[in-house]
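What follows is a short report on a single structure.
First listed ligand is number 1; within each ligand, the first listed atom is number 1. None of the values given here were measured: they were computed from a predicted structure. Just so you know, these numbers use all the heavy atoms, side chains as well, and skip hydrogens, waters and symmetry mates.
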Amino acid sequence: MKRRTILSSVLAGTAAMAQTKNPKRFNQPTGYSDTPIIPFQRWKVHDIDRPKPAIVTPASAPGGAPSDAIVLLDGKDLSHWTFAGKRNKPQAPWKLENGYMEVTPGGGDAVTKESFGDMQLHLEWSASVEPSGDSQWRSNSGVLLMGRYEIQVLDSYENPTYADGQAGAVYGQYPPMVNPIRKPGEWNVYDLIFEAPRFNGSDLVKPGYVTLIFNGVLVQHRKEILGRMAHRVNGTYEAHAPEMPLALQDHDVPVRFRNIWARKLSF
Ligand code: MG
């Protein structure tokens, strides 16, 4: 008998023995209705009637899109994006090749056709191997949540610049807790949770919050967003729709993006 077959037989035998020896472990209740209410909830402890979480099929490999994600960039086309153009330049699609898209300087921000409020976002980005400048001119781009709240994308590898403008910063507000940047040309990964701000008419009733994991490292933990992205001044809030397109910033230098997906959430 082959070793694997012997092992399977032993495991099957063990499982059968466990079922025989421990009948109390099987045909167990799947919930209760005689338990106390959980504080501040409408459900009882282990409530049998509590709705079960929806089943989501995870990706086959880490970083891949789960089954309920909107895949915004799979490397095959730019069908989820529009390109705004800027400073009276004509709009120009970003370059798509080898599974990534790259900023076309002056082509304008890449803006999703889909709108988002609360969301989970995954994206990967890579700085130019050839430095495009110093400080804020070195592979600057950005994740513009709702088109206005910027999570900075920047080549922060041996590139001195102000702390609240480094990669992983909430631009102009919070530096990343640490700098886990990879070398230019290597792929960096952002996994982000965003709670959209809420407005009542023109009044802000709840600010936005953002959490960012950068190359597997927590760099922002539910930070309160203070207002829209601004340079050398404090950004403020202006009321807007509950869902807005996501944008990636054209800062006039080439930066690459790949594997972008989002999950719509409701906190
Ligand atoms: Mg930027």
Handout entry: Evaluation steps, salt bridge (Lys or Arg N to Asp or Glu O under 4.0 Å), between Asp203 and Arg198
Key = CA-CA 9 Å; Asp203 296 332; Arg198 267 50 168 189; over 6 Å; no

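- Residue contact annotation: Ser141 places an N/O/S atom under 2.8 Å from the Mg ion (ligand 1).
- Defined by atom type and a distance below 3.5 Å, a donor-acceptor pair is present between the side-chain atoms of Gln152 and Gln136.
- Aromatic ring orientation, Tyr190 versus Phe214: perpendicular (interplanar angle above 60°, classes split at 30° and 60°).
- The atom name of the N/O/S atom in Glu150 closest to the Mg ion (ligand 1) is OE2.
- Put simply, Gln249 gets within reach of the Mg ion (ligand 1), with an N, O or S atom under 2.8 Å from it.
- Residue side and main chain included, Asn140 places an N/O/S atom under 2.8 Å of the Mg ion (ligand 1).
- Looking only at atom types and distance, the side chain of Asp109 has no donor-acceptor partner in the side chain of Gln249 under 3.5 Å away.
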